[in-house]
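For reference, the structure is listed below as structure tokens.
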Amino acid sequence: MMSPIIQFFDEIERLPEEAKALIAQKAKLHRFTKGEIIFQQGQACHHMFFMVSGLARVFHGKEDKEVVDWLATQGNPFTAIDSFYARQPSRYTIEILEDSQVYSIGYDDLEALCRQFHVVERIARLVTMEQFLILQERVDMIQFQNAQQRYDTFLRRFPDLANRLQLTHIASYLGITLETLSRIRAKY
């Protein structure tokens with residue numbers, strides 16, 4: 001049976017067996033428990049993560065509150081993006097929100113795989129483009145949508161998360177107050 005991370009890559013574009021074997025060797029499977037911090041602000045992030053099962057948030061502190069920047073759901077890659085790509089200390093923290101199974105692959109290992117296999121480089125580029133588009137969608141949502149529209153967009157993008165996330169995390173992700181979110185949810 002193919003591991004979820006290899007299956008993820010292989011569904012985007014067919015991998016040669018040699019690439020599959022190297023990914024299986026380099027990617028490490030971790031089991032994290034709810035509430036565990038897997039990456040701390042101020043450190044340099046040297047790993048790309050891939051959520052097999054569970055849920056995590058990528059967030060940063062702003063004044064006296066936490067701002068949720070990214071939600072990592074099953075089947076998706078995630079990292080402290082500012083650090084992973086720029087090779088510098090990050091302003092982000094990554095917290096596991098449910099018991100989770102997560103693969104990690106080191107920056108140097110991923111770079112070596114990209115150099116060795118054009119198909120891996122292409123997959124990495126396509127995944128990065130997809131994540132960039134999701135991020136742009138979120139920026140557009142915050143800039144151009146009212147609170148109700150933001151919540152509707154959230155429900156379309158993450159239909160199963162409304163009952164799995166704390167309301168404070170949803171409100172933070174949407175850039176609205178908890179009170180506003182409660183009023184919107186009361187309408188449903």
Side-chain angles (χ1 to χ4, degrees), residues 1-41 43-60 68-90 92-138 154 156-161 164-165 169 173:
M1 183 171 170
M2 197 178 317
S3 75
I5 193 168
I6 294 172
Q7 185 175 352
F8 172 79
F9 277 92
D10 209 42
E11 286 175 1
I12 296 170
E13 193 161 318
R14 190 90 175 132
L15 289 171
E17 291 304 316
E18 185 182 359
K20 290 178 186 179
L22 282 172
I23 292 169
Q25 178 186 1
K26 300 296 183 183
K28 307 295 182 216
L29 181 62
H30 309 271
R31 296 183 197 299
F32 297 114
T33 58
K34 179 180 179 176
E36 206 169 332
I37 302 294
I38 65 170
F39 179 77
Q40 186 67 51
Q41 172 187 2
Q43 300 175 341
C45 186
H46 302 290
H47 291 88
M48 177 66 69
F49 301 100
F50 177 81
M51 184 65 71
V52 176
S53 64
L55 181 62
R57 70 179 176 132
V58 180
F59 68 97
H60 72 276
V68 176
D69 294 288
W70 193 263
L71 296 169
T73 58
Q74 181 176 335
N76 290 299
F78 62 103
T79 190
I81 195 165
D82 62 336
S83 179
F84 184 77
Y85 290 110
R87 315 305 310 140
Q88 64 186 17
S90 180
Y92 297 107
T93 298
I94 302 174
E95 178 186 18
I96 299 296
L97 300 177
E98 297 176 348
D99 291 350
S100 300
Q101 292 185 25
V102 176
Y103 276 100
S104 68
I105 187 163
Y107 178 89
D108 293 336
D109 289 333
L110 188 56
E111 283 294 309
L113 283 162
C114 287
R115 280 192 304 276
Q116 186 171 353
F117 300 99
H118 175 69
V119 66
V120 174
E121 181 178 38
R122 178 174 159 67
I123 291 168
R125 182 176 51 79
L126 292 171
V127 168
T128 301
M129 285 175 25
E130 180 183 352
Q131 300 305 305
F132 177 78
L133 291 171
I134 292 169
L135 183 58
Q136 184 62 51
E137 175 186 68
R138 181 163 178 261
F154 172 82
R156 276 192 304 279
R157 163 106 10 234
F158 303 108
D160 66 326
L161 293 189
R164 291 170 58 195
L165 278 171
H169 294 157
Y173 181 79

Can a donor-acceptor pair be found, under 3.5 Å and without considering hydrogens, that links the side chain of [X] to the backbone of [Y]?
{"X": "S90", "Y": "I81", "result": "no"}
{"X": "R138", "Y": "W70", "result": "no"}
{"X": "D69", "Y": "F59", "result": "no"}

Which heavy atom in A72 sits nearest to a heavy atom in M51, and how many Å separate them?
-> O-CE, 3.9 Å
Can Y103 and S3 be said to form a side-chain contact (heavy atoms from CB on, under 4.5 Å), step by step?
-> CA-CA 10 Å; Y103 276 100; S3 75; 3.3 Å; yes
Not counting sequence neighbours, which residues clear side chain to side chain donor-acceptor pair (under 3.5 Å) with [X]? List them please.
{"X": "R164", "answer": "E98, D160"}
{"X": "R87", "answer": "H46"}
{"X": "S100", "answer": "none"}

According to the ring pair (Phe, Tyr, Trp, His ring centres under 6.0 Å) rule, which pairs have a member within residues 6-34, sequence neighbours left out?
-> F8-F50, H30-F32
Residue of the set Q43, Q40, R57 for which side-chain contact (heavy atoms from CB on, under 4.5 Å) holds with T93 = Q40
The ring pair (Phe, Tyr, Trp, His ring centres under 6.0 Å) partners of F84 (sequence neighbours excluded) come to Y107
Can you name the residues that form a ring pair (Phe, Tyr, Trp, His ring centres under 6.0 Å) with F49, not counting sequence neighbours?
-> F78
Is the closest side-chain heavy-atom distance between L15 and I23 below 4.5 Å?
-> yes
Student check: side-chain heavy atoms of L55 and F158 closer than 4.5 Å = no
Within 6.0 Å of CD1 in I96, more than 12 heavy atoms from elsewhere = yes
